[in-house]
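Written below as structure tokens is the structure these notes are about.
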Amino acid sequence: MPDSLHQTIREAIEDILRAGVEQYLESVGAQAEMPEISLEVPRNAEHGDWASSLPLRLCKGLKKNPFEVAEGIVAAMPASSLIEPPQVARPGFINFRLAAGSVEHLIRRVLELGEKYGQSDTFKNERVLVEFVSANPTGPLHIGHGRGAVIGDTLARIFAAAGYGVSREYYYNDAGVQMKTLGESLRIRYLQALGEDIPFLENGYKGDYMVELGEKLKAERGDSMRGVTDTQPFTDYAANFIIGLINEDLERLRIHFDTWFSETTLHKEGKVKQALDELESRGKLYEQDGAKWLASAEYGDEKDRVVIKSDGNYTYLAPDIAYHAYKFERGFTRLVNVLGADHHGYIPRLKAAIQALGHRPDQLDCVLVQMVAVERAGEAMKLSTRAGDFITLKEVLDEIGVDVTRFLFLTRTADSQMVFDFELAKDTSMDNPVYYVQYAHARCCSLMRKAEEVGQAWENGEGADLGLLTAPEEKALAHQMDRFPQIVIEAARQAEPVLVTSYLRDLATAFHGYFTAGNKDLSLRVVQENNPALTQARLTLIAALKQTFANALELLGVTPLERL
RNA sequence: GCGCCCAUAGCUCAAUGGAUAGAGCACCGGCCUUCUAAGCCGGGGGUUGUGGGUUCGAAUCCCACUGGGCGCACCA
């Protein structure tokens, strides 16, 4: 039963452990509830490949000493061909080690599943909507948007791998003052392009791209719009164009949105009114001072919030509530918003709103992305779209490249403040962890090429005798590979891409160590010219590693290079 | 003033409440006549911002301080 291809060793151990605990509890006649199975990979290899501290948690309720509890559980556990008999350690840990035979099981599982290795159906009944970037189309994306974009997209990839139905959505607010200002900015740039000597808006969008856009409009329409005073046509023209620019950058970053959702849609389809009516009928709205308030304080917000001002207009919150209600209406069971950290004050009222609508607060996850400070040649730079003073995402992609950009954003947790140092990122050498990981994949490819050169090309591994893989490094590599599917599930659960990045680096470290060991000890080389059987066995391990590297890199949207 | 986030090696960052807090960069010393040295091995470097608390066990959870970031509208 535990030999199912899709089951990781971890899951097999969990089953065994669970059975042991049940049996043990019964034998001592305890009423204790079945605790959550805890199983971790110890930092220290001496503590085995997997370890559980379950006896330490259990002993409290049983009023027994943890060591005895551990022994009792071990005695009651069924045996498994995948692991060696478990050991009880000091305070009350149970340590598990992979059985030698499990190496073969693990490698074959990776190869059998191929590109699907790492995927699972853990969350198959759930649908998640990842909303990210969501910058209003008032200018090109800057580097900070890039960080949010990469994190959002990678989360989406991770969710998909963990079995979620996933949709990527970009929301933009095209009904507000910002867009009006944008249109007005373009109108003036256009008139200036026509030669009129008029001053620019004080609060207008001052970037060069607006000057260019004015020229472009002149080139397309001549002076036919000279007399147009309504800003709307200018707004539409600018927004359309800028969305195009934004999308270009995003596609380059390997990000594709399923939906571009505009605020106007909500108004047109009556979703704002619908959401407020729903809140009204649930008794969550009330009138005061001529305004309509949401009783958000009931749900942990620090105060109630106005949704309809006394002048009859909606506040920003109203369409936002409607938007999130509409997300649920479309069948999503989990909402993930990737936001700039400056929006954090907004989260409690949003969570309050979805609760007022009858949803659970944990169905909404807000991932806060901290600002990116940029340093160039030692100079710190200020970023402001309005002032036209910023590092665009395009510049970053031109200078640094997609793989490096994505990986650098993914090596830090979203909420850590980061300094993006251009010179450092451009450096193609040591400071760039991307290469470390890509190098590992390329080395696997290189070994395959080498084997081919000496006439021992890998023969798909089916006939290989994997029992020959007895080096401790080989067992360790197999164990590391086995962790991958669980890492993906955990990353999805926590909405935390860094888990995958860290895992990838660890796996690369293990592999580089294995590879380099062959420099000193020729018997550890993968390609053994006078031992075809061992060569085939090792190549099969390499093939599985290569697959795992490729799958993990794909999850991060980074290219698995064949050679560096 | 109130709230949220952050604080870990000189620097950039890790560490599902677990056993001796780890990598990379920088610094010191080793390893290329045969699978890629963008790599590997070893060394120095820490009172996890400070002080309490919770418990078998805390970088992790709670409280109070200190320092930094960001929010506190009938703005969007």
Side-chain angles (χ1 to χ4, degrees), chain A residues 38-44 46-47 51-53 56-57 59-60 65-66 89-93 95 136 173 175-179 263 288-293 302-303 305-317 319-320 340-348 368 370-371 373 408 411-413 415-419 421 424 427-440 442-443 445-451 453-454 486-487 490 493-494 496 498-499 501-502 505-506 508-509 511-520 522 524-529 535 538 542 563-564:
Chain A
S38 72
L39 195 63
E40 66 189 82
V41 176
R43 278 200 279 261
N44 188 336
E46 284 172 28
H47 299 137
S52 177
S53 58
L56 288 163
R57 298 161 202 267
C59 67
K60 214 175 299 176
N65 119 21
R90 273 185 307 183
F93 291 100
N95 297 336
N136 282 342
N173 174 327
V177 178
Q178 273 187 40
M179 297 306 285
E263 185 191 338
Q288 190 184 308
D289 306 329
K292 193 78 99 170
W293 298 70
E302 55 185 80
K303 54 182 266 199
R305 307 287 173 177
V306 172
V307 288
I308 301 179
K309 296 184 271 184
S310 50
D311 67 5
N313 288 315
Y314 295 127
T315 61
Y316 182 74
L317 184 59
D320 238 31
D342 53 336
H343 290 82
H344 73 262
Y346 198 68
I347 297 170
L368 293 175
Q370 278 290 347
M371 306 289 155
L408 284 182
T411 49
R412 298 150 162 86
T413 50
D415 61 4
S416 72
Q417 298 163 29
M418 82 178 276
V419 177
D421 186 328
L424 227 57
D427 195 7
T428 51
S429 69
M430 296 95 65
D431 209 18
N432 249 321
V434 205
Y435 299 114
Y436 187 78
V437 170
Q438 284 182 317
Y439 189 35
R443 265 184 161 168
C445 298
S446 166
L447 286 168
M448 290 299 181
R449 288 192 294 267
K450 176 69 184 177
E453 276 169 31
V454 300
Q486 193 63 39
I487 295 279
E490 202 49 45
R493 185 168 286 138
Q494 295 181 34
E496 186 49 271
V498 170
L499 294 179
T501 319
S502 306
R505 297 169 82 162
D506 287 347
T509 298
F511 171 67
H512 284 311
Y514 176 59
F515 181 93
T516 316
N519 283 345
K520 282 203 167 149
L522 296 185
L524 281 175
R525 294 208 169 190
V526 171
V527 179
Q528 299 284 331
E529 302 204 20
T535 301
R538 287 187 175 162
I542 297 302
R563 34 164 60 93
L564 288 189

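Residue numbers start from 1 in every chain, and the chains themselves are labelled A, B, ... in the order their sequence lines are given, proteins ahead of strands.
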Problem set entry | Residues in side chain to side chain contact (heavy atoms under 4.5 Å, CB included) contact with A:E46, at least two apart in sequence or another chain |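 Checked A:E46 against side chain to side chain contact (heavy atoms under 4.5 Å, CB included); matches are A:N44.
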For this session: Let me have RNA chain B in dot-bracket notation, would you? Count Watson-Crick plus G-U wobble pairs, both distances under 3.5 Å, and use [ ] for pairs crossing earlier ones and | for inter-strand partners.
Result: (((((.(..((((....[...)))).(((((.......))))).....(((((..]....)))))).)))))....
Rounded to whole Å, how long is the line connecting atom [atom1] of [X] with atom [atom2] of [N]?
X      : N     : atom1 : atom2 : result
A:D311 : B:C75 : CG    : C1'   : 12 Å
A:H512 : B:A38 : NE2   : P     : 10 Å
A:K520 : B:U33 : NZ    : C1'   : 17 Å
A:F93  : B:U20 : CZ    : P     : 9 Å
A:E40  : B:G17 : CD    : C1'   : 10 Å
A:Y439 : B:C40 : OH    : P     : 9 Å

Problem set entry | Per A:L56 side chain, nearest of listed nucleotides B:U34, B:C40, B:G18 |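 Given the options B:U34, B:C40, B:G18, the side chain of A:L56 is closest to B:G18.
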For this session: Kindly point out which of B:C74, B:A14, B:C5 is positioned nearest to the side chain of A:D289?
Result: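 Nearest nucleotide to the side chain: B:C74.
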For this session: List in chain and number order the residues that pass salt bridge (charged side-chain N to carboxylate O under 4.0 Å, His left out) with A:R493, two or more places apart in sequence or in another chain; answer none if no residue qualifies.
Result: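 A:R493: salt bridge (charged side-chain N to carboxylate O under 4.0 Å, His left out) contacts with A:E490.
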Problem set entry | Upstream residue (5' side of RNA chain B) when A:S52 and A:N136 are each assigned their closest nucleotide |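 The 5'-side residue here is A:S52.
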Exercise. If each of A:F515 and A:T509 is mapped to the nucleotide of RNA chain B with the nearest heavy atom, which maps nearer the 5' terminus, i.e. the 5' end?
Worked result: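 This one resolves to A:F515.
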Exercise. Is the side chain of A:H512 donor-acceptor paired with the backbone N or O of A:Y436 at a distance under 3.5 Å, no angle test?
Worked result: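 Yes, A:H512 side chain to A:Y436 backbone: donor-acceptor pair under 3.5 Å.
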For this session: Tell me what A:E490 touches on the nucleic acid: a base, only sugar-phosphate, or nothing, going by heavy atoms under 4.0 Å.
Result: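 Nothing: the residue A:E490, judged by heavy atoms under 4.0 Å, touches no strand.
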For this session: For B:G18 versus B:C4, give the span between their C1' atoms, rounded off to a whole number of Å.
Result: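 Straight-line distance between the two C1' atoms is 29 Å.
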Exercise. Are the ring of A:Y436 and the base ring of B:G24 both nearer than 5.5 Å at their centres and tilted by less than 30°?
Worked result: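 Base of B:G24: not stacked against A:Y436.
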Exercise. Any stacking of A:H47 on B:A19, going by centres under 5.5 angstrom and planes within less than 30 degrees?
Worked result: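 It does: the two rings, one from A:H47 and one from B:A19, meet the stacking criterion.
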